[in-house]
Visitor: 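My questions will all concern the structure given below.
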Amino acid sequence: MYVKYAFNPQLTLKLKEHILSMLASIKPVNSFPPSLQYFRPEHIEPFKDLDRVGEFTVEFILVVTELMAIQEKTNYPKGSLTESLYRDFEVKDRFQVIQKAVLKRLR
């Protein structure tokens with residue numbers, strides 16, 4: 001996301017808002033494998049230009065983020081790490097966001 005932000009800040013922030021909308025709508029599941037609840041292929045199109053940079057495509061980011069959110073809402077109903085990381089993106093400095101993402105693994 002930071003590489004995409006350096007390439008096109010406005011579009012990346014729109015992607016962030018799209019992701020936050022998605023995260024707000026995700027519900028826990030009791031089936032395996034989980035089905036995507038929010039993602040649709042047409043969600044990629046407005047952000048297609050961001051595929052020009054970074055290691056991951058917008059489609060990959062949207063699908064993986066949704067799967068992580070489903071897992072988090074299912075296993076940790078009060079958890080909000082995924083949403084918190086996206087909320088902090090480009091509000092807090094990179095170090096704080098990355099530290100939050102990896103802090104528990106360092107302990």
Side-chain angles (χ1 to χ4, degrees):
M1 289 290 287
Y2 284 107
V3 171
K4 292 181 185 314
Y5 181 81
F7 172 70
N8 188 330
Q10 282 186 305
L11 190 56
T12 305
L13 292 178
K14 287 180 183 177
L15 176 60
K16 169 191 166 177
E17 292 306 316
H18 177 85
I19 290 170
L20 288 172
S21 294
M22 173 196 57
L23 294 174
S25 75
I26 299 297
K27 305 288 183 228
V29 298
N30 57 12
S31 61
F32 184 81
S35 297
L36 294 175
Q37 300 172 19
Y38 191 87
F39 176 80
R40 301 286 175 267
E42 56 269 17
H43 292 173
I44 301 165
E45 197 56 41
F47 309 108
K48 201 70 172 152
D49 196 43
L50 294 175
D51 285 348
R52 296 173 50 197
V53 297
E55 291 184 48
F56 303 113
T57 65
V58 169
E59 180 178 16
F60 180 84
I61 292 169
L62 292 175
V63 171
V64 168
T65 301
E66 181 169 342
L67 289 171
M68 288 174 25
I70 291 169
Q71 181 274 332
E72 184 176 59
K73 299 261 180 148
T74 301
N75 296 322
Y76 308 99
K78 294 183 182 182
S80 61
L81 179 61
T82 304
E83 183 175 348
S84 175
L85 291 171
Y86 278 100
R87 286 207 183 282
D88 289 351
F89 176 77
E90 213 43 48
V91 173
K92 296 188 177 183
D93 66 69
R94 289 178 198 180
F95 176 75
Q96 288 179 296
V97 176
I98 293 167
Q99 182 182 27
K100 183 187 287 188
V102 300
L103 186 60
K104 284 187 178 183
R105 285 186 264 167
L106 296 176
R107 290 184 191 168

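Just so you know, these numbers use all the heavy atoms, side chains as well, and skip hydrogens, waters and symmetry mates.
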Visitor: Write down the atom of Q37, the atom of I26, and the distance for their closest heavy-atom approach.
Guide: OE1-CA, 3.4 Å
Visitor: Can you tell which of L13, L50, L15 makes a side-chain contact (heavy atoms from CB on, under 4.5 Å) with N8?
Guide: L50
Visitor: Quick one: side-chain contact (heavy atoms from CB on, under 4.5 Å) partners of F39, sequence neighbours excluded?
Guide: L36, P41, I44, E59, L62, V63, E66
Visitor: By salt bridge (charged side-chain N to carboxylate O under 4.0 Å, His left out), which residues pair with R52, not counting sequence neighbours?
Guide: D49
Visitor: Excluding sequence neighbours, so at least two apart, what forms side-chain contact (heavy atoms from CB on, under 4.5 Å) with V3?
Guide: V53
Visitor: Considering residues at least two apart in sequence or located in another chain, which fulfil the side-chain hydrogen bond (donor to acceptor under 3.5 Å, both in side chains) criterion with E83?
Guide: R87
Visitor: Keeping to residues at least two apart or across chains, list the salt bridge (charged side-chain N to carboxylate O under 4.0 Å, His left out) pairs with something in residues 36-47.
Guide: none
Visitor: Residues two or more places apart in sequence or in another chain: which of them pass side-chain contact (heavy atoms from CB on, under 4.5 Å) with S80?
Guide: none
Visitor: Go through E90 and T12 one step at a time and tell me if the side-chain contact (heavy atoms from CB on, under 4.5 Å) criterion holds.
Guide: CA-CA 10 Å; E90 213 43 48; T12 305; over 6 Å; no
Visitor: Tell me, please, which residues at least two apart from S84 pass side-chain hydrogen bond (donor to acceptor under 3.5 Å, both in side chains).
Guide: K100
Visitor: Sequence neighbours excluded, which residues qualify as side-chain hydrogen bond (donor to acceptor under 3.5 Å, both in side chains) partners of Y86?
Guide: T65
Visitor: Do F89 and V64 share a hydrophobic cluster, counting only Ile, Leu, Val, Met, Phe, Trp and Tyr and linking them when any side-chain heavy atoms are less than 4.5 Å apart?
Guide: yes
Visitor: Could you measure the distance from the OH atom of Y38 to the CD1 atom of I70? Nearest 0.5 Å is fine.
Guide: 13.0 Å
Visitor: Which pairs count as salt bridge (charged side-chain N to carboxylate O under 4.0 Å, His left out) when at least one residue sits in residues 13-26, sequence neighbours excluded?
Guide: none
Visitor: Of all residues at least two apart in sequence or in a different chain, which pass the ring pair (Phe, Tyr, Trp, His ring centres under 6.0 Å) check with F56?
Guide: F60
Visitor: Specify the closest pair of heavy atoms between L23 and A69, including all atoms of both residues, with the distance to one decimal.
Guide: CD2-CB, 3.3 Å
Visitor: Looking at residues at least two apart in the chain, or sitting in another chain, which of them share a side-chain hydrogen bond (donor to acceptor under 3.5 Å, both in side chains) with T74?
Guide: none
Visitor: For V29 and P34, which heavy atoms make the closest approach, and how far apart are they?
Guide: CG2-CB, 4.1 Å
Visitor: OH of Y76: more than 12 outside heavy atoms within 6.0 angstrom?
Guide: no
